[in-house]
Participant: 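One structure coming up, written as structure tokens, with questions to follow.
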Amino acid sequence: MVSIFSLPRIRRSLPFPPRPDPEMPAPQCASCNKARAALRRPRSGQALCGTCFCAAFEAEVLHTVVAGRLLPPGAVVAVGASGGKDSTVLAHVLRELAPRLGISLRLVAVDEGIGGYRDAALAAVRRQAARWELPLTVVAYADLFGGWTMDAVARSTAGSGRSRSCCTFCGVLRRRALEEGARLVGATHVVTGHNADDMAETVLMNFLRGDAGRLARGGGLGSPGEGGALPRCRPLQLASQKEVVLYAHFRRLDYFSEECVYAPEAFRGHARDLLKRLEAARPSAVLDLVHSAERLALAPAARPPPPGACARCGALASRALCQACALLDGLNRGRPRLAIGKGRRGLDEDGPPREAEPEPSGPPASEPVPAF
């Protein structure tokens, strides 16, 4: 039998393009016009060599920070370091830009107490800190939250029908732990490595939940630090996940790429799958969602009330108790249902806490790099 692929006329009529000729040389870099291009930027299609791509990526992050007035000169910046690709790229880029921005950096890592996962990630953070000669501080859930670790939380919720809520607990507690770590090192600002894909997933989750309050607060590149909280920002918010991976590849960055053992149960995974399908049909879907949150306006009656102070710990809170205190209260009572869903009304709360924004683990290091 003769295959249709052995017939040139039929092959030329097929609806998909032919495979690239491996002997065809790559085009020249569109920026320096000297080196051969190593990739095409996923969104623009611009052909660049690795050096020019990294320079362009750093310039775009610099523009985001300067145009958004995110990190003023003299700022002491706590970088949330998880060992993953996003926080690793963020720390590396800010280290390159620090002399121009006039800022100093401190790495703050959070030990959630996840056996077989966090130890390896923290080892990557320690290697980064030593290589870049940046001070590193590690804060642990067990020390901050009365002995509670994520493994202990998972065991506590396993029989309650809430075993899928681990990311809710971890996201809220991690945010509090990072704040405490930043204050410990004398930081004036906190930065996290959330990229455009992460933010689009968050916006999409809030749309799916009908959470108008979080949609209204989700715009912009961070929070100004109201109520005594430290200002936070996301310098990579306009950078795609693919380009973060490409930057790590060309800069040969050492990062931890395993997914958290509790992540497969998270609602974020469903939003991520949906977003991938949307992006395949409409490549601008990621940034469209990010910018939609920036431009969203709510009617006065739909706007959330201004935040106040937690009645227990004094932290910024939109209800009588902050999310961290509400979650810990339910755990300490041996009734984790009190902390999530309708049960939270038993803590004089008027609604369920939402899954916070954990440091995304992203694609593994072996993800293919689009190249010629």
Side-chain angles (χ1 to χ4, degrees), residues 54 57-58 60-65 68 70-71 75 77-98 101 103 105-112 118 121-122 124-129 131-132 134 136-139 167 170-171 174-175 177-179 181-182 187 189-203 218 220-223 230-251 253-260 263 266 268 272 286-287 290 356-365 367:
C54 291
F57 185 91
E58 291 167 3
E60 289 166 5
V61 175
L62 176 64
H63 179 267
T64 299
V65 173
L70 305 181
L71 301 173
V77 181
V79 181
S82 70
K85 61 170 175 54
D86 298 296
S87 66
T88 301
V89 167
L90 176 63
H92 184 274
V93 171
L94 289 182
R95 179 174 174 270
E96 295 294 313
L97 300 178
L101 293 171
I103 61 176
L105 304 180
R106 309 284 189 271
L107 299 183
V108 177
V110 177
D111 182 0
E112 303 94 339
R118 183 47 69 192
L122 287 176
V125 174
R126 292 188 175 95
R127 291 194 301 269
Q128 295 162 6
R131 183 176 300 110
W132 298 333
L134 291 175
L136 169 65
T137 299
V138 180
V139 291
C167 285
C170 191
R174 181 182 176 81
R175 183 179 180 89
L178 183 56
E179 179 88 7
H189 292 72
V190 179
V191 297
T192 58
H194 295 92
N195 60 47
D197 296 65
D198 302 321
M199 299 312 301
E201 291 165 11
T202 298
V203 174
L221 294 167
S223 58
L230 293 175
R232 286 176 175 246
C233 63
R234 300 177 289 266
L236 299 183
Q237 181 168 313
L238 302 180
S240 72
Q241 178 173 266
K242 292 177 181 177
E243 295 209 341
V244 170
V245 173
L246 285 167
Y247 183 88
H249 169 76
F250 286 110
R251 288 299 192 203
L253 299 183
D254 170 26
Y255 63 88
F256 181 71
S257 60
E258 296 297 325
E259 186 178 51
C260 175
R268 180 175 289 271
R272 179 176 295 127
V286 170
L287 280 180
V290 173
E357 300 175 6
E359 177 68 23
S361 57
E367 178 171 313

Participant: Might you work through the side chain to side chain contact (heavy atoms under 4.5 Å, CB included) test for L105 and R95, ending with a clear yes or no?
Facilitator: CA-CA 7 Å; L105 304 180; R95 179 174 174 270; 4.1 Å; yes
Participant: Tell me yes or no: between the side chains of Q128 and T88, is some donor less than 3.5 Å from an acceptor?
Facilitator: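 The criterion, which ignores hydrogens and geometry beyond distance, is satisfied for T88 and Q128.
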Participant: Is it the case that the side chain of E112 and the backbone of C170 share a donor-acceptor pair, with hydrogens and angles ignored and the cut-off at 3.5 Å?
Facilitator: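 No, because the side chain of E112 does not come within donor-acceptor range (under 3.5 Å) of the backbone of C170.
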Participant: What's the shortest heavy-atom distance between A129 and L136, and which atoms?
Facilitator: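 Heavy atoms only, the tightest pair is CB-CB, 3.8 Å.
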Participant: Looking only at heavy atoms, what is the nearest atom pair of V65 and P235, with distance?
Facilitator: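 Between these two residues, the closest heavy atoms are CG2-CB, 3.9 Å.
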Participant: Please round to the nearest 0.5 Å and tell me the distance separating atom CG of L71 and atom SG of C233.
Facilitator: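 The SG atom of C233 is 4.5 Å from CG of L71, to the nearest 0.5 Å.
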Participant: Just so I know, are the side chains of E179 and L230 near enough to count as touching, which here means a heavy-atom distance under 4.5 Å?
Facilitator: yes
Participant: Considering non-hydrogen atoms only, spot the tightest contact between A78 and V108 and give its length.
Facilitator: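 Shortest heavy-atom contact: CB-CG2, 3.9 Å.
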Participant: Search all heavy atoms of A248 against all heavy atoms of Y255 and return the closest pair with its distance.
Facilitator: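 So the two residues come closest at CB-CE2, 3.6 Å.
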Participant: Could you state the interatomic distance from CG (D86) to OG1 (T192), rounded to the nearest 0.5 Å?
Facilitator: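 OG1 of T192 is found 9.5 Å from CG of D86.
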Participant: Side-chain donor-acceptor pair under 3.5 Å between T202 and R268, yes or no?
Facilitator: yes
Participant: How many angstroms lie between atom SG of C167 and atom CZ of R174, to the nearest 0.5 angstrom?
Facilitator: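 That separation rounds to 11.5 Å.
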Participant: With rounding to the nearest 0.5 Å, note down the distance linking CG in D198 to CG in L236.
Facilitator: 9.5 Å
Participant: Would Q237 and V290 satisfy side chain to side chain contact (heavy atoms under 4.5 Å, CB included), going step by step from the backbone distance to the final call?
Facilitator: CA-CA 8 Å; Q237 181 168 313; V290 173; 3.7 Å; yes
Participant: Would you name the heavy atoms of G83 and V125 that are closest together and state the gap between them?
Facilitator: N-CG2, 3.3 Å
Participant: Checking F57 against V244 for the side chain to side chain contact (heavy atoms under 4.5 Å, CB included) test, could you report, in this order, the C-alpha distance in whole Å, the side-chain angles of both residues, the deciding distance, and whether it holds?
Facilitator: CA-CA 9 Å; F57 185 91; V244 170; 4.2 Å; yes
Participant: Have a look at D254 and tell me which of R127, R126, K85 forms a salt bridge (Lys or Arg N to Asp or Glu O under 4.0 Å) with it.
Facilitator: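 Passing option: R127.
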Participant: Go through the structure and list residues passing side-chain hydrogen bond (donor to acceptor under 3.5 Å, both in side chains) with E58, not counting sequence neighbours.
Facilitator: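 Once residues adjacent in sequence are excluded, the partners of E58 under the side-chain hydrogen bond (donor to acceptor under 3.5 Å, both in side chains) criterion are Y247, R251.
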Participant: To the nearest 0.5 Å, what is the distance between CG on L287 and CG on D197?
Facilitator: 8.5 Å
Participant: Search all heavy atoms of A91 against all heavy atoms of L107 and return the closest pair with its distance.
Facilitator: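 The pair with the smallest heavy-atom distance is CB-CD2, 4.1 Å.
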Participant: When rounded to the nearest 0.5 angstrom, what is the spacing between CG in L94 and CD in E96?
Facilitator: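 The distance works out to 10.0 Å.
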Participant: Hey, mind stepping through D111 and R118 against salt bridge (charged side-chain N to carboxylate O under 4.0 Å, His left out) and telling me if it holds?
Facilitator: CA-CA 7 Å; D111 182 0; R118 183 47 69 192; 5.4 Å; no
